[in-house]
Each structure stands twice: as C-alpha cells, then as structure tokens.
2 protein chains.
Amino acid sequence: MTQKRSTWQKVAVREELGERSGFISAQQLHAEMVAAGQKLGLTTVYRALTDMVESGEADALTGSDGETRYRICGQEHHHHLICNVCGKTVEFELPGFEAATKALALSHGFQEVSHSIELFGTCSDCPRG
Amino acid sequence: MTQKRSTWQKVAVREELGERSGFISAQQLHAEMVAAGQKLGLTTVYRALTDMVESGEADALTGSDGETRYRICGQEHHHHLICNVCGKTVEFELPGFEAATKALALSHGFQEVSHSIELFGTCSDCPRG
DNA sequence: TTTGGTTCGATAATGATTTTCAGTAAGGAG
DNA sequence: CTCCTTACTGAAAATCATTATCGAACCAAA
Ligand SMILES: [Zn+2]
Ligand SMILES: [Zn+2]
Ligand SMILES: [Zn+2]
Ligand SMILES: [Zn+2]
C-alpha cells in the first residue's frame, strides 16, 4: 500500500548526513547542500530527516537553543558524548546504568521508565575553552 | 553597577512557581497567573524566570517540543525523575555516576565535561501507562 | 498514454521566545 | 519626604525554527 519511494532528494540527504561525524541541524544541512549545488527545498530536508528518525536510521537531539540536530547512528541503544566546539560525537553505553536508573525510578513508584543521557565536553582536537 | 531591584512581579512569579511541584512553561505560568487575577506581562514572566535560572534558584528544561519549562530546585547538583502525565518531579543523584561519566569522557579525550540526565515515566498517582 | 497516489517545494502559517522602546517605579541621595 | 537615576515593565513588533498548504512534478502500473 503506502510505499516509501526512494528519491534522489532523500538519498542526497542521507549521504550528506552520513558524511558528517556529528549532529547537524536541518537548516544547516540544507544550506550546505544548496551551497554545494544541490537544488532541493528546506521542507524536503525536514521530511527526509524525520523519516530517517522514524525508521531508526538517525537520532534527533533538541538542544536548549530550540534547534533539533540529526545524526546517523547505530541501531543499538546508546548515548552520546558530544564536543560542544566541533560537534564530534562518540556513541557509548554504560554497563549497569540502565538497570540502576530503572531501579531508582521503580523505587519512587514510577513505571514505563525512559531516560535521556548526553555528555558534553571539549574533544582533544579542539582548543580548551 | 547593574543591580537587581525587587518588584512585586518577580515576587509573584517566584511564589507561583514555588507552589508547583513540577516543571511548568513560562506561557502556562503566565496564563494561570492572569487567570488568578494578577495582571503582568508575558515578557516579564520570561524575564523573571530567566533571572531565577541565572541565579541558580530554578532549573530550566527544554523538551523535544521546543518549550522550556521551569522549576524551583535545590542548589545541590541533581537530576530529575519526571512523570510525563502529571509532571510530578523527584530530584535525585546517582552515587558513582558522576565519576563514571567523567572517566568515560576523559578516556575519549574530552575535557570540561558536563552532562544532562533526565528520567521519565509514569508516577504511582497516574493511571495506566 | 492515461491514471492515481506520492513527493516536491515555494509560500504562508504557527508558536515560543526575544527585542523594542516609551512609560513606570524602586530605592539611594540629599 | 522629594528628587533622580536607571532598572523594570509590558504591549507590540521582530525572530526563527518548524509545520501546514496546496498546486505542480513524478513515478509505476495498467
Ligand atoms: Zn546516536
Ligand atoms: Zn540508556
Ligand atoms: Zn532541578
Ligand atoms: Zn550529575
């Protein structure tokens, strides 16, 4: 029935996002694609990114500045260590933490627990600040 | 010497926020204050809340919906366990986690590490799930 | 080629937050 | 208490990321 069609626009967004190692906003990604000569609409970029998030291909992260940034990530459960200077991102998991947080939540009577964990810092390639 | 003046508006916002146990957005807080008969501007509420966050009196949390919510919290370092139905919030700290995350970040060459950790779930006062 | 649904994208709309800026008032000086 | 300086207030306009519209472009199939 409702099939997903593969268009050059979607492919282009996937490729452009794949070339980056860190998170990037839809606006920025679109601007760079246009600057590189690709002619596609901002709306299309938003739709392509949303599709990728829904299919699990990419992760979305909404910062305190209100902008949502995207990144192609592994399918397994993980968290991010992000350089707040260059954006370099490392995926990681913390053994035991998942269980610890769930236990803590349960001890407070909470059910269906989910969590949001992100680490920020300055990577070795970036000057201290 | 840019000093801070105490106005009834700031006091009112602080009190209104203090009556709540969970996070609330500036828009919502303003709406309720107006509904309660207090006549102040939305801009003023935003400014009062921003001041409280800067002074460490309150915590701000920007959700994936783009809205920032505020809550008066303890001064000590802590994280939040939030009911996504009624908004009830519990502050907590995880012994050992702070060190574990810092060590992990350092092992990847990251400096000046900070972290964002929030737990979400349904509290015991809220139905189903 | 005709057909019917999918996708595109320019543009308008949305909605939270910020900026403006002229009028108000806190609070220290005298 | 009165004056002054200047932070504060708030209605309205400006920002800005994201979403909704809707006609045109596209594609696969009949
Ligand atoms: Zn990821
Ligand atoms: Zn996890
Ligand atoms: Zn808090
Ligand atoms: Zn912590």
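First the proteins, then the strands, lettered A, B, ... as listed; each starts at 1.
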Options D:dT9, C:dT19, C:dG9, nucleotide nearest the side-chain atoms of B:Thr43 | C:dT19
B:Thr89 side-chain N/O to B:Gly87 backbone N/O, donor-acceptor pair under 3.5 Å | yes
Smallest heavy-atom separation, B:Ala26 atom then B:Val45 atom, equals O-CG1, 3.9 Å
Return the value, rounded to whole Å, for the distance between atom CD of B:Gln3 and atom C1' of D:dT6.
-> 9 Å
Considering heavy-atom distances to DNA chain C, does A:Ser6 or B:Gly66 have its closest nucleotide positioned more toward the 5' end?
-> A:Ser6
Base D:dT6 to side chain B:Arg5, donor-acceptor N/O within 3.5 Å cut-off | yes
At under 4.0 Å, does any side-chain N or O of B:Gln9 touch on OP1 or OP2 of C:dA25?
-> no
Rounded to whole Å, the OH-P distance (B:Tyr46 to C:dA16) equals 7 Å
Remember a base hit wins even if backbone is also touched, and classify A:Glu67 as base, sugar-phosphate or nothing at under 4.0 Å, heavy atoms.
-> sugar-phosphate
Just checking, is any N or O donor in the side chain of B:Ser25 or B:Glu67 under 3.5 Å from an acceptor N or O on the other one?
-> yes
Between B:Thr50 (side chain) and B:Tyr46 (backbone), is there a donor-acceptor pair under 3.5 Å?
-> yes
In whole angstroms, the gap separating P of D:dA17 from CG of A:Leu61 amounts to 17 Å
For the residue pair B:His115 and B:His77, does the interplanar ring angle fall in the parallel (under 30°), tilted (30 to 60°) or perpendicular (over 60°) class?
-> perpendicular
May I have the distance from A:Asp65 (atom CG) to C:dT18 (atom P), rounded to whole angstrom?
-> 11 Å
Using the closest heavy atom to pick a nucleotide of DNA chain C for each, name whichever of B:Thr68 or B:Arg47 lands nearer the 5' end.
-> B:Thr68
Which residue, A:Arg69 or B:Thr7, contacts DNA chain D at a nucleotide closer to its 5' end, judged by nearest heavy atom?
-> B:Thr7
note: A:Leu49, atom CG; C:dC8, atom C1'; distance rounded to Å ~ 15 Å
Is A:Ser25 touching bases, backbone alone, or none of the nucleic acid, heavy atoms closer than 4.0 Å?
-> nothing
Can you check the A:Lys39 NZ to D:dA25 C1' distance for me, whole Å?
-> 17 Å
Could you give the NE2-to-P distance, from A:His30 to D:dC16, as a whole number of Å?
-> 17 Å
Compare side-chain N and O positions of A:Lys4 against OP1 and OP2 of C:dT6 and report whether any pair is under 4.0 Å apart.
-> no
Whole-Å gap separating C1' (C:dA16) and CG (B:Leu42) | 9 Å
Would you say D:dA17 has OP1 or OP2 under 4.0 Å from some side-chain N or O of A:Gln28?
-> no
With the side chain defined as heavy atoms from C-beta on, B:Ala26 is closest, among C:dC8, D:dG10, C:dT17, to C:dT17
